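Given the structure is predicted, the values throughout are model-derived calculations rather than measurements.
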Amino acid sequence: MASAINNCCPLRCISEFPLSHSLGYLPLHLSASNRNSGDTINNKVLRLDGRNRRSISVNCSSTTEKRILSGDRMLVFVPPHPLIKHWVSVLRNEQTPSPVFRNAMAELGRLLMYEASRDWLPTISGDIQSPMGVASVEFVDPREHVAIIPILRAGLALAEHASSLLPATKTYHLGISRDEETLQPTIYLNKLPDKFPEGSRVFVVDPMLATGGTLVAALELIKERGVDNKQIKVISAVAAPPALKKLGESFPGLHVYAGILDPTVNDKGFIIPGLGDAGDRSFGT
């Protein structure tokens, strides 16, 4: 039975423009750890759980992500930022040339990772001397492990700005191809560590969540290496019900950030209306 996506009222997101550079030098004497205070976010939240697997409902929510973190439901966030809508529209256009397409994918990834890192990155605070006096400051803690895992090939474009947006990250490449006939995934490159450090935060970057097979294979590998579902955030340009249903059943507590949700997947495993083959369009092949 096909899953249905219900319409939701327009929402306002109070996000700032994303950072486009490293947070810079961190004084060594800042060592007191604390968490960011919860900013209010207004996002579309998609809830999936085992008691309602035949339908997908989009609910309006105005809350902090800290409150959303409670429970074991998978959550999907579709931030209603006008720049996100703009870059998705550029990606949709079949006449968009490959270099522009790849740039649009990179900009969309930057915005989604900015939204996904809200209230999630560990911070340290203290006092530093500015040119005009002592200031209370807060930095992202570079000692905490943040991993970026792009699913090759198309994930490379969506994750292109990750290192400039998020300080002290490591990138681990994971190559997974999909058989055009069976739609089953095959892993051809695995650069994941044998074990992730305890408490690692992991961004898995996969532009198209269609049937969900590729992402399920990737998440299983990551979990085998010691990462909990709640420490993983998926970044995707476009997501569809079959993939979200599969992820909701298999990975409770997972968070997915998508540029847009599309209603259907065709018999060849492509999202409709989607944006075509993200890898081919990103690299002109």
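Criterion: ILVMFWY side-chain heavy atoms under 4.5 Å apart, direct or through other members. Under it, V134 and F139 are not part of a common hydrophobic cluster. Under the 4.5 Å side-chain heavy-atom criterion for ILVMFWY residues, a single connected hydrophobic cluster contains both L166 and F77. By the rule that hydrophobic residues join a cluster once side-chain heavy atoms approach within less than 4.5 Å of another member, L156 and W87 end up as members of separate clusters.
Using a 4.5 Å heavy-atom threshold, the side chains of L111 and P79 count as separate. Between S164 and R110, some side-chain heavy-atom pair lies under the 4.5 Å cut-off. With a 4.5 Å cut-off on side-chain heavy atoms, F101 and S282 count as touching. Using a 4.5 Å cut-off on side-chain heavy atoms (C-beta onward), L152 and L174 make no contact. In this structure, the side chains of V204 and I151 come closer than 4.5 Å at one or more pairs of heavy atoms. A heavy-atom distance below 4.5 Å is found between the side chains of L91 and M105. I149 has its side chain out of reach of K191: every pair of non-hydrogen atoms, C-beta onward, lies at least 4.5 Å apart.
Scored by the side-chain contact (heavy atoms from CB on, under 4.5 Å) test, T186 finds S177 as partners (sequence neighbours excluded). Applying the salt bridge (charged side-chain N to carboxylate O under 4.0 Å, His left out) test to R92 and every residue at least two apart in sequence or in another chain returns D262. Residues satisfying the ring pair (Phe, Tyr, Trp, His ring centres under 6.0 Å) test with F196, not counting sequence neighbours, are Y172. For D277, the salt bridge (charged side-chain N to carboxylate O under 4.0 Å, His left out) test picks out no residue, with sequence neighbours left out.
For the atom pair NZ of K233 and CE of M113, the computed distance is 13.0 Å after rounding to the nearest 0.5 Å. Between E198 atom CD and H145 atom NE2 the span is 13.0 Å, to the nearest 0.5 Å. With rounding to the nearest 0.5 Å, the separation of CG in L215 from CG in L247 is 5.0 Å. To the nearest 0.5 Å, atom CE of residue M74 and atom CZ of residue F251 are 10.5 Å apart. Interatomic distance, E107 CD to L83 CG, rounded to the nearest 0.5 Å: 9.0 Å. Considering CZ of F203 and OG1 of T171, their distance stands at 11.5 Å, rounded to 0.5 Å.
Between the side chains of S136 and D127, at least one donor N or O lies within less than 3.5 Å of an accepting N or O.
More than 12 heavy atoms of other residues, nucleotides or ligands shown are found within 6.0 angstrom of CD on Q129.
Counting all heavy atoms, side chain and backbone alike, A104 lies closest to V90 at CB-CG1, 3.8 Å. The two atoms that bring P207 and L158 nearest to each other are CA-CD2, 3.8 Å, heavy atoms only. Pairing each heavy atom of H173 with each of P150, the nearest pair is CD2-CG, 3.9 Å. The two atoms that bring M208 and G276 nearest to each other are CE-O, 4.2 Å, heavy atoms only. Of all heavy-atom pairs spanning V78 and G259, the tightest one is CG1-O, 3.8 Å. Across all their heavy atoms, R153 and G279 have their closest contact at NH2-C, 3.4 Å.
A donor-acceptor pair is defined here as one N or O able to donate and one able to accept, closer than 3.5 Å; such a pair exists between the side chain of S98 and the backbone of R281. The backbone N or O of V140 lies less than 3.5 Å from no partner atom in the side chain of T123, so there is not a single donor-acceptor pair. Here the side chain of S130 pairs a donor or acceptor atom with the backbone of G133 at under 3.5 angstrom.
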Side-chain atoms of residues 263-273: list all donor-acceptor pairs with protein atoms under 3.5 Å, sequence neighbours left out, distances to 0.1 Å.
from	atom 1	to	atom 2	distance (Å)
N266	OD1	K268	N	2.9
N266	OD1	G269	N	3.1
N266	OD1	F270	N	2.9

N/O donor-acceptor pairs under 3.5 Å from side chains in residues 219-227, not counting sequence neighbours:
from	atom 1	to	atom 2	distance (Å)
K223	NZ	N229	OD1	3.3
R225	NE	P193	O	2.9
R225	NH1	L221	O	3.0

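Contact check on D141 versus R143 returns a salt bridge, with a Lys/Arg side-chain nitrogen under 4.0 Å from an Asp/Glu carboxylate oxygen.
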Task: Check against side-chain contact (heavy atoms from CB on, under 4.5 Å), L244 and L261 - done: CA-CA 10 Å; L244 297 177; L261 304 182; 4.1 Å; yes

TODO: Output, in order, the C-alpha distance, side-chain angles, deciding distance and verdict of side-chain contact (heavy atoms from CB on, under 4.5 Å) for V234 and L209.
DONE: CA-CA 10 Å; V234 174; L209 303 186; 4.2 Å; yes

